[in-house]
Amino acid sequence: MTTLPSILLASGSPRRRELLGLTGLPFTPVAVNIDETPLPGEAARAYTVRLSQAKARAALALAAGHDVVLAADTTVADGEAILGKPADAAEAWAMLRRLRGRTHQVYTALTLIHAATGQQVTEVAVTEVPMRPYTDAEIAAYIDTGDPFDKAGGYAIQHQGFRPAVLSSGCFANVVGLPLCHLLRALRRLALDVPADVPAVCQSFFAYDCDVTEGILAGAT
């Protein structure tokens with residue numbers, strides 16, 4: 001019987017816990033605190049990679065009893081601009097109006113560190129996210145739920161009442177916060193066993209027909 005690797009998940013995000021739970025892999029979540037301030041002129045991809053690696057290193061000291069540390073960081077970018085979590089309703093309004101009816105990018109970098117060997121691997125997923133032309137009234141109703149304030153870019157793609165995006169291509173789980181096919185690929189790079197049915201479970205969970213699964217698992221960038 002194959003023993004699945006145990007994971008220390010360096011994240012307090014309930015969305016990442018939910019997504020990792022879909023894999024069937026045993027894991028323990030732990031929150032880590034790092035400075036998430038972008039460096040001057042830092043591009044979104046580089047920023048996301050830097051934070052995921054910093055989170056993984058911060059959690060490594062707590063990895064006793066686990067095979068691997070997993071950390072992830074998700075960034076919403078509009079071109080060169082990094083859109084963080086809105087500090088208040090006015091900032092949420094500004095972000096959601098900025099993104100409305102346009103396409104932006106969501107990056108997630110995930111970093112694994114093998115607890116026994118110290119080997120580190122980082123994977124980066126990027127999804128182009130087209131937003132629908134939602135109304136000001138819809139923005140106001142969504143902000144009233146309080147949901148935007150812990151979300152990069154001020155929105156959750158999976159929110160049942162708002163559903164701001166019209167995604168039909170690319171990795172849906174990436175936009176939520178943990179690209180599972182990239183996670184499987186990273187685990188395989190560390191020679192760790194993984195469940196084979198994770199892509200199917202992910203697509204069923206989101207009711208989404210993913211067009212990039214095969215390419216990612218085959219090694220596409």
Side-chain angles (χ1 to χ4, degrees), residues 1-38 44-76 84-85 106-127 150-152 156-158 171-203 205-206 213 216-217 219:
M1 181 176 179
T2 300
T3 301
L4 296 175
S6 61
I7 294 176
L8 182 68
L9 174 64
S11 176
S13 165
R15 295 168 295 282
R16 292 202 179 102
R17 292 198 300 268
E18 183 177 48
L19 285 169
L20 187 55
L22 295 178
T23 68
L25 294 167
F27 72 93
T28 304
V30 59
V32 295
N33 294 312
I34 64 167
D35 183 359
E36 299 190 10
T37 306
R45 183 186 183 96
Y47 168 75
T48 311
V49 168
R50 178 172 64 83
L51 292 195
S52 78
Q53 293 176 344
K55 291 176 182 179
R57 289 192 298 269
L60 186 58
L62 306 173
H66 297 83
D67 297 304
V68 65
V69 172
L70 164 63
D73 188 77
T74 300
T75 299
V76 174
K85 299 172 183 177
V106 174
Y107 296 85
T108 299
L110 58 88
T111 295
L112 298 180
I113 302 178
H114 196 293
T117 67
Q119 182 181 357
Q120 175 179 301
V121 299
T122 299
E123 292 273 351
V124 182
V126 58
T127 304
D150 67 339
K151 310 292 191 303
I157 190 174
Q158 74 275 23
C171 178
F172 195 101
N174 172 46
V175 187
V176 180
L178 189 66
L180 295 181
C181 289
H182 287 79
L183 173 59
L184 297 193
R185 191 165 73 177
L187 287 166
R188 289 170 181 169
R189 289 174 61 189
L190 294 177
L192 295 170
D193 291 314
V194 296
D197 61 348
V198 169
V201 172
C202 180
Q203 291 182 60
F205 181 77
F206 289 117
T213 292
I216 292 168
L217 295 179

Enquirer: Rounded at 0.5 Å granularity, tell me how far NE2 in His182 sits from CG in Leu112.
Expert: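 Answer for the NE2-CG pair, His182 versus Leu112, is 12.5 Å.
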Enquirer: Does any part of the side chain of Thr111, heavy atoms only, come nearer than 4.5 Å to the side chain of Arg57, both counted from C-beta?
Expert: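 No; the side chains remain at least 4.5 Å from each other.
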Enquirer: Might you point out which heavy atoms bring Lys85 and Ala152 nearest each other, and give the distance in Å?
Expert: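 For Lys85 versus Ala152, the nearest heavy atoms are CG-N, 3.8 Å.
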Enquirer: Between CD1 of Ile113 and CG of Asp67, what distance do you get to the nearest 0.5 Å?
Expert: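 That separation rounds to 14.0 Å.
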Enquirer: Kindly give the heavy-atom pair with the smallest separation between Thr75 and Ala44, and that separation in Å.
Expert: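 Looks like CG2-CB, 4.2 Å.
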Enquirer: At what distance, to the nearest 0.5 angstrom, does CG of Leu183 lie from OG1 of Thr108?
Expert: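 Atom-to-atom, Leu183:CG and Thr108:OG1 are 11.5 Å apart.
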Enquirer: Nearest 0.5 angstrom please: Leu19 CG to Phe206 CZ, how far?
Expert: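 Going from CG on Leu19 over to CZ on Phe206, the span is 4.5 Å.
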Enquirer: Assess whether side-chain contact (heavy atoms from CB on, under 4.5 Å) is satisfied between Val49 and Val124, documenting all intermediate values.
Expert: CA-CA 7 Å; Val49 168; Val124 182; 3.5 Å; yes
Enquirer: Once salt bridge (Lys or Arg N to Asp or Glu O under 4.0 Å) is applied, what residue pairs with a partner in residues 116-127 remain, sequence neighbours excluded?
Expert: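 Found Glu123-Arg185, Glu123-Arg189.
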Enquirer: What pair of heavy atoms forms the shortest contact from Cys181 to Thr213, and how long is it?
Expert: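 Shortest heavy-atom contact: SG-CG2, 3.7 Å.
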Enquirer: Nearest heavy-atom pair of Ala115 and Ala63: which atoms, and what distance?
Expert: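 Scanning both residues completely, I find the closest heavy atoms to be CB-CB, 4.3 Å.
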Enquirer: Look up atom CG in Leu178 and atom CD in Glu18, then write down how far apart they are to the nearest 0.5 Å.
Expert: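 That separation rounds to 11.0 Å.
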Enquirer: Could you go step by step and tell me if Leu110 and Ser52 meet the side-chain contact (heavy atoms from CB on, under 4.5 Å) rule?
Expert: CA-CA 6 Å; Leu110 58 88; Ser52 78; 5.9 Å; no
Enquirer: Evaluate side-chain contact (heavy atoms from CB on, under 4.5 Å) for Arg188 paired with Leu217, printing each intermediate quantity in order.
Expert: CA-CA 10 Å; Arg188 289 170 181 169; Leu217 295 179; 3.9 Å; yes
Enquirer: Would you list the atom pairs, donor with acceptor, under 3.5 Å between side chains in residues 20-33 and any protein atom, with sequence neighbours excluded?
Expert:
from: Thr23; atom 1: OG1; to: Leu20; atom 2: O; distance (Å): 2.6
from: Thr23; atom 1: OG1; to: Leu25; atom 2: N; distance (Å): 3.1
from: Thr28; atom 1: OG1; to: His66; atom 2: NE2; distance (Å): 3.0

Enquirer: Do you know the tightest heavy-atom contact between Asn174 and Tyr107?
Expert: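 So the minimum-distance heavy-atom pair works out to OD1-C, 3.9 Å.
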Enquirer: Taking distance alone, no hydrogens or angles, what donor-acceptor pairs closer than 3.5 Å link side-chain atoms of residues 7-16 to residues at least two apart or in another chain?
Expert:
from: Ser11; atom 1: OG; to: Ser13; atom 2: N; distance (Å): 3.0
from: Ser13; atom 1: OG; to: Arg15; atom 2: N; distance (Å): 3.2
from: Ser13; atom 1: OG; to: Arg16; atom 2: N; distance (Å): 3.2
from: Arg16; atom 1: NE; to: Gly177; atom 2: O; distance (Å): 2.7
from: Arg16; atom 1: NH2; to: Thr74; atom 2: OG1; distance (Å): 3.0

Enquirer: Can you tell me how far apart CG (Asp73) and CD1 (Ile34) are? Round to the nearest 0.5 Å.
Expert: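 So the gap between those two atoms works out to 7.0 Å.
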Enquirer: Under the criterion side-chain contact (heavy atoms from CB on, under 4.5 Å), I'd like the reasoning laid out for Glu36 against Tyr47: C-alpha separation, chi angles, the key distance, then a yes or no.
Expert: CA-CA 9 Å; Glu36 299 190 10; Tyr47 168 75; 3.9 Å; yes
